[in-house]
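Beneath this line is the structure, given in structure tokens, with notes to follow.
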Amino acid sequence: MLHIGCHLSASKGYLAMGRDALKIHADTFQFFTRNPRGGKAKEIKESDVAAFLQLAEEHCFTNILAHAPYTMNACSADAGLRGFSREMMADDLRRMEYLPGNFYNFHPGSHVGQGMDTGIALITEQLNAVMTPEQRTTILLETMAGKGSEVGGRFEELRRIIDGVYLPEKIGVCLDTCHVYDAGYDIVNHLDDVLDEFDHVIGLDRLKAIHLNDSMNPMGSHKDRHAKIGEGSLGLEAICRIINHPKLQHLFFILETPHDTLDGYGREIALLRECYQEG
Ligand code: FE
Ligand code: FE
Ligand code: ZN
């Protein structure tokens, strides 16, 4: 069974997202915890959450994925911005407790010239400040394209963050196919090798979710521009090998491809379901 969904707008609440997912034969989705550019989060309506959880159970949804705002930078050079980032993540994790047992994905950050070591230390510090032993959410570090001073373009960088947190059992990784390809990992011609490397450096047991995107740019470009499935440098064949790979088949896949309408995602999901081999 292919677990797949796409990024949805959270503006109308959880039940509305669940219904949108059903319309396109998805059994999961991703949403921003607040405006992607940051700011105050909308209040959670418990009746909305309860209605969503019931819908999700009736329709056998798998886990869902929350995405932190892009403005969150745990390793900013500005202490005020780091404080803001920390507050946002702490608040997001509190709100995630309404949906226990799910995943919260964030971009590790950009060290803005302070260097990779400082970046990794600051990210680890933020995680240690906001995580609690009671939390039921697994925090996912997203693999990044290595654009500018981004942390997380190399598996080793993510490993160092995981090594620095005091609750490593609550940390996982979300692999973004566009990002890793842009970062220089050849998932088109050497998928097995890349997965072996991931396993060796981080451990495949940490891999909890996949952002399934094609890329507008060639391998190693460090650009991070998503393309529609089959319309980029990865191509449909490589993407079908990814969703069918025995080491990945059990995960859930979230499309972050550029579509203005739900139908666009629906067509991609139908296409991917067609190339998925039940195993
Ligand atoms: Fe992301
Ligand atoms: Fe992503
Ligand atoms: Zn991206």
For the side chain to side chain contact (heavy atoms under 4.5 Å, CB included) test, which of Thr177, Asn213, Ile239 pairs with Ile229?
Ile239
Please determine if Arg136 and Glu97 form a salt bridge, counting it only when a charged side-chain N lies under 4.0 Å from a carboxylate O.
yes
Between Thr143 and Asp176, do the side chains contain an N or O donor and an N or O acceptor separated by less than 3.5 Å?
no
Would you find more than 12 non-hydrogen atoms of other residues, nucleotides or ligands less than 6.0 Å from His245 atom NE2?
yes
May I have the step-by-step check of side chain to side chain contact (heavy atoms under 4.5 Å, CB included) for Leu212 and Leu272, ending in yes or no?
CA-CA 11 Å; Leu212 197 63; Leu272 292 163; 3.7 Å; yes
Side chain to side chain donor-acceptor pair (under 3.5 Å) between Gln30 and Glu256, worked out:
CA-CA 9 Å; Gln30 173 178 271; Glu256 299 176 311; 2.9 Å; yes
Might you confirm whether atom CZ of Arg19 has over 12 heavy atoms from other residues, nucleotides or ligands at distances under 6.0 Å?
no
Under a 3.5 Å threshold, yes or no: a donor from one side chain and an acceptor from the other, between Asn102 and Asn63?
yes
Should His7 and Phe32 be marked as a ring pair (Phe, Tyr, Trp, His ring centres under 6.0 Å) after you check the CA-CA gap, both sets of side-chain angles, and the distance that decides it?
CA-CA 8 Å; His7 186 91; Phe32 282 124; 4.5 Å; yes
Aromatic ring centroids of Phe155 and Tyr185 under 6.0 Å?
yes
Hey, does Ser233 have a side-chain heavy atom less than 4.5 Å from the side chain of Asn217?
no
Within a radius of less than 6.0 Å around OH of Tyr98, do more than 12 heavy atoms belonging to other residues, nucleotides or ligands occur?
no
Ring centre gap for Tyr104 and His67 strictly below 6.0 Å:
no
Before accepting this row, confirm whether a basic side-chain N of the pair Lys147/Asp182 lies closer than 4.0 Å to the acidic partner's carboxylate O.
no
Quick check, are the ring centers of His179 and His226 under 6.0 angstrom apart?
yes
Nearest non-hydrogen partners of Gln135 and Met131, listed with the distance:
OE1-CA, 3.3 Å
Heavy-atom closest contact (Asp48 atom, Tyr14 atom, distance)
OD2-N, 2.7 Å
Side chain to side chain contact (heavy atoms under 4.5 Å, CB included) assessment of Gln249 paired with Ile243
CA-CA 6 Å; Gln249 242 188 344; Ile243 61 172; over 6 Å; no
Heavy-atom closest contact (Gly5 atom, Ile269 atom, distance)
CA-CD1, 4.2 Å
Note, Glu157 side chain near Pro108 side chain (heavy atom, < 4.5 Å)
no
Kindly compute the distance separating NZ (Lys12) from CE (Met17), expressed to the nearest 0.5 Å.
10.5 Å
Min side-chain heavy-atom separation Ile64-Phe31 under 4.5 Å:
yes
Heavy-atom side-chain contact between Leu53 and Val49 under 4.5 Å:
yes
Under 4.5 Å between side-chain heavy atoms, hopping through other hydrophobics if needed: is there a path connecting Phe253 to Ile187?
yes
Which pair of heavy atoms, one from Gly109 and one from Ile123, lies closest together, and at what distance?
N-CD1, 4.3 Å
Should the heavy atoms of other residues, nucleotides or ligands under 6.0 Å from CD of Glu156 be counted, would the total exceed 12?
yes
Examine Ile139 and Ile162 and state if one hydrophobic cluster contains both, with Ile, Leu, Val, Met, Phe, Trp and Tyr joined whenever side-chain heavy atoms are less than 4.5 Å apart.
yes
Flag the pair Arg159 and Asp163 as a salt bridge only when some basic side-chain nitrogen lies within less than 4.0 angstrom of an acidic carboxylate oxygen.
yes
By the definition side chain to side chain contact (heavy atoms under 4.5 Å, CB included), identify the one residue from Leu65, Leu2, Ile4 that meets it with Phe252.
Leu65
Report yes if some heavy atom in the side chain of His3 is under 4.5 Å from a heavy atom in the side chain of Leu251; otherwise report no.
no
Is atom CD of Glu237 surrounded by more than 12 heavy atoms (other residues, nucleotides or ligands) closer than 6.0 Å?
no
CD on Glu231 to OG on Ser215, rounded to 0.5 Å:
13.0 Å
Would you say Lys170 has more than 12 foreign heavy atoms packed within less than 6.0 Å of its NZ?
yes
Side chains of Leu55 and Leu22: does their closest heavy-atom pair fall under 4.5 Å?
yes
Under a single-linkage definition using a 4.5 Å side-chain heavy-atom cutoff for Ile, Leu, Val, Met, Phe, Trp and Tyr, are Leu158 and Leu248 assigned to the same hydrophobic cluster?
yes
Using distance alone, with no hydrogens and no angle criterion, decide if Glu150 and His222 have a side-chain donor and acceptor under 3.5 Å apart.
no
With salt bridge (charged side-chain N to carboxylate O under 4.0 Å, His left out) as the criterion, how do Arg34 and Asp92 come out once you've worked through the C-alpha distance, each side chain's angles and the decisive distance to 0.1 Å?
CA-CA 9 Å; Arg34 60 187 74 218; Asp92 282 349; 2.7 Å; yes
Is Leu204 close to Arg206 at the side-chain level, that is, under 4.5 Å between some pair of heavy atoms?
no
Closest non-hydrogen contact found for Gly18 with Phe61 is O-CZ, 3.7 Å
Worked check of side chain to side chain contact (heavy atoms under 4.5 Å, CB included) between Met219 and Val188:
CA-CA 9 Å; Met219 189 180 79; Val188 173; over 6 Å; no
Tyr166 and Pro133 have their tightest heavy-atom pair at OH-CD, 4.0 Å
Checking side chain to side chain contact (heavy atoms under 4.5 Å, CB included) between Leu141 and each of Leu175, Ile202, Ile171, which is the one that passes?
Ile171
Does Arg225 have more than 12 heavy atoms from other residues, nucleotides or ligands lying within 6.0 Å of its CZ?
no
Looking at Glu125 and Arg86, is any side-chain nitrogen of the basic one under 4.0 Å from a carboxylate oxygen of the acidic one?
yes
Nearest-0.5 Å distance that lies between atom CD1 in Ile210 and atom SG in Cys174
7.0 Å
When the ring centroid of Tyr70 is compared with that of His107, is the distance short of 6.0 Å?
yes
Would you mind reporting whether Val173 and Leu140 have side-chain heavy atoms less than 4.5 Å apart?
no
Does atom NE2 of His200 have more than 12 heavy-atom neighbours, drawn from other residues, nucleotides or ligands, at distances under 6.0 Å?
no
If you round to the nearest 0.5 Å, how far is OG of Ser76 from CG of Leu122?
9.0 Å
For side chain to side chain donor-acceptor pair (under 3.5 Å), just list the numbers for Asp27 and Thr62, CA-CA rounded to whole Å, side-chain angles, deciding distance to a tenth of an Å, and then say yes or no.
CA-CA 6 Å; Asp27 67 347; Thr62 186; 5.6 Å; no
